[in-house]
Protein chains: 2
Amino acid sequence: MLDERKSAILRAIVNQYISTAEPVGSTHVAKYDPGVEVSSATIRSEMAQLEREGYLIQPHTSAGRIPSDKGYRYFVDNLSTPGRLGPTQRQEVKEFFSTSHFAIETMLHDTSRLLAALTSQVGVVIGAVPGATTVVGAQLVKLSPNSGVLVFILSSGDVERIEIEIPDGTDEILIQEASGYIQRCLVGTKWGSACGKLDEVTDPQLDGIIRNCQSALRAAQDRNKINPSSNHVFVDGASHITDAFGAVDTVRNILSILEQQYLVVSLLKDILDRGSSVSIGSEHGEARLADCSIVVAPYSKDGEPVGTIGILGPTRMKYSEALATVAIVGNQLTDRLSETN
Amino acid sequence: MLDERKSAILRAIVNQYISTAEPVGSTHVAKYDPGVEVSSATIRSEMAQLEREGYLIQPHTSAGRIPSDKGYRYFVDNLSTPGRLGPTQRQEVKEFFSTSHFAIETMLHDTSRLLAALTSQVGVVIGAVPGATTVVGAQLVKLSPNSGVLVFILSSGDVERIEIEIPDGTDEILIQEASGYIQRCLVGTKWGSACGKLDEVTDPQLDGIIRNCQSALRAAQDRNKINPSSNHVFVDGASHITDAFGAVDTVRNILSILEQQYLVVSLLKDILDRGSSVSIGSEHGEARLADCSIVVAPYSKDGEPVGTIGILGPTRMKYSEALATVAIVGNQLTDRLSETN
DNA sequence: AGTTGGCACTCTGTACAATAGAGTGCTAGA
DNA sequence: TCTAGCACTCTATTGTACAGAGTGCCAACT
């Protein structure tokens, strides 16, 4: 724990550094920060101590100080006043969620865009993973002489679509029979355990089709487990990182991370699992993101958490604003998803 | 038309500049290019002429020359030998398309990744837009007391999903009736004209639901026209542009374009409409892409073009390789999409 | 007439020194 | 315990000199 004065100095340095991106010197703190009422010399000695304790870093001997990850962490946990959104932004969020969005996918995609626009940083939305949802509709349709598509409608409103092979010479009637049978068997069951529910049928020809469906269904679900929700990650506003970082190498590193969506998923998930909502610099173990912080919030549907939203920006970010934004968008998203029930 | 020698010199300059990214001087051309057998002085005077004619640019008085957009264009149209893929890459493409992909969306997404990996540039895939496809399956399902989802399966194998409101107190039986009615009316019709095909029914309660469906369907289709296939653009490998451009500003410009997917769609579309497959520098009228070229190829399903793939990279790119890659991936994609029929 | 070697000229990038500015750490005194 | 003052350090900027690369032009050669 830092004493009152050290806290005030650290707060002043973080605030100034966030807005100027320049190392902060003792004189600046003494002159321009109303919260610190001592001379620059005193501040200097306090700063030297803060540096020894790891809260500050001095880029070189005769430069000011910048906050370390630990410094930011202390700032976020103890010194930052909970932020509120400006009226314009409040309005923007409200308007966004009052506009009808049809497909969930589209809405989540647009939400990542909203986050990016609000914060001028990278917006990330991780989609709901089906699993505990139940099957509310099912249909098998023939597309060509030997292929078809099996469509499931889930209680979440999502649609799962699985391509299957159909034995040559299978006629339309049989397909319809199979479709009806699948519907009767699976509607009402949990999506996660659906593939076990297809019992054997007497007609050998019909049974062949059903077996095909069953194995395709199992394959699709396995694939989904191995590579969880690879098409459920939405990233927008990547160009904003060029505003925060002047070095192309840094930009490349961050872009390359954003391209590996499974990495993004696990990063955000880890933060939530740790019970936190902010991850600063090297706290997430990814070296390429050493200069970045991530702010996340979960969102729910019907009281059950189903996904995560977040923003990614430089460690030098306005945390209180970011936290407020992510929180409000998460809440609104939750409301929007749950309202129809 | 350029004479033999000018052609050889231009070719040499383009090739060298592409591989070194440095302005090319007369000495280099004379010394290291086996296709040019004259002295550097002669080359100098030819280069001066090529510059006067607009094929070359001199960054400053005492620098070598670099190709202008016009120079690249001439190179691509007349001087470039049709490229072939290396065996490793051939293998990579083959392997990619032989691996099963279930959902089309996933496959297209992965295709953009493949393009990026093959060329080390930005890969773009624009998805097939449904329209002339026919409806092969339809189902209405209730999700909550007053909302439901209407699902259409199209002959392309795509699934369209539309959320609708359901009047309070509508019971399950009525929903099923409506579902059956919609199925009877619309299965077999063209997707583009589907919403006109829902005739009036006598039962007023049933008619209410049908009307809801009809207007939702119309709204969804209109939305799709205004904002064509916004969720059908897949971009991957954006980090590669940091390899091509050292200036963060350039990177930002390009990223900001890639984020506006409708822009990407119209850019690629314009190139194909112009009957071309390469667009160089300022040829596409977007200032932010002045230093980029785009190489595209269409892909088809059952003989009918349904989408576009392409790569985006610096004007200084290996065009023959790029063209070959895009062509082969386009062909393979076409084959893969058409094979099931 | 076309080609070539030679030469003066131009421009960039780099290395180096000098300087101004910002900031520190330390110390003596209030 | 705080503060004013001072010597010191490091960076960033500016100016200068210089090497290197490349050009354009011209006279001579084939």
Tell me which nucleotide among D:dG22, C:dT3, D:dT3 gets nearest to the side chain of B:Thr42. C:dT3
So which one's nearest nucleotide on DNA chain C is more toward 5', B:Glu46 or A:Glu51? B:Glu46
Taking atom P of C:dA22 as reference, at what distance in whole Å does atom CD1 of A:Ile43 sit? 17 Å
Protein-nucleotide distance (B:Glu22, atom CD; D:dG22, atom P), rounded to Å: 9 Å
Atom CD1 of B:Ile9 and atom P of D:dT23 are separated, to the nearest Å, by 11 Å
In whole angstroms, how far is the C1' atom of D:dT23 from the CD1 atom of B:Ile66? 16 Å
Comparing nearest nucleotides in DNA chain C, the 5'-proximal residue of the pair B:His60, B:Ser45 is B:Ser45
B:Ser40 side-chain N/O to D:dG22 phosphate OP1/OP2 under 4.0 Å: no
Residue whose closest nucleotide on DNA chain D lies nearer the 5' end, B:Ser62 versus B:Ala41: B:Ser62
In plain terms, say whether A:Arg73 and A:Asp77 are close enough for a salt bridge, that is, a side-chain N and a carboxylate O under 4.0 Å apart. yes
Can a donor-acceptor pair be found between the side chains of A:Asp291 and A:Thr315 at a distance below 3.5 Å? no
Under the 3.5 angstrom rule, does the side chain of A:Tyr72 hit a backbone N or O of A:Ser293 as a donor-acceptor pair? no
Atom CZ of B:Arg44 and atom C1' of C:dC9: how far apart are they, to the nearest Å? 13 Å
Taking CG from A:Leu50 and P from C:dT24, how many angstroms apart are they, rounded to a whole number? 12 Å
Distance, rounded to the nearest Å, where B:Lys6 contributes NZ and C:dT3 contributes P: 10 Å
Taking B:Ala63's backbone N and O only, do any of them form a donor-acceptor pair with B:Gln58's side chain (distance below 3.5 Å, no angle check)? yes
Can you see if the side chain of B:Thr61 gets near the phosphate of C:dT10 - specifically, an N or O under 4.0 Å from OP1 or OP2? no
For D:dT23 and B:Arg65 - does any side-chain N or O of the residue sit under 4.0 Å from the phosphate oxygens OP1/OP2? yes
Is a donor on one side and an acceptor on the other found under 3.5 Å between the side chain of B:Lys318 and the backbone of B:Ser19? no
Please tell me which of the listed nucleotides, D:dA4, C:dG23, C:dT3, lies nearest to the side chain of A:Ser39? D:dA4
Taking only the side-chain nitrogens and oxygens of A:Arg5, find out if one of them lies under 4.0 Å from OP1 or OP2 of D:dC2. yes
Whole-Å distance separating the OH atom of A:Tyr32 from the P atom of C:dG23: 10 Å
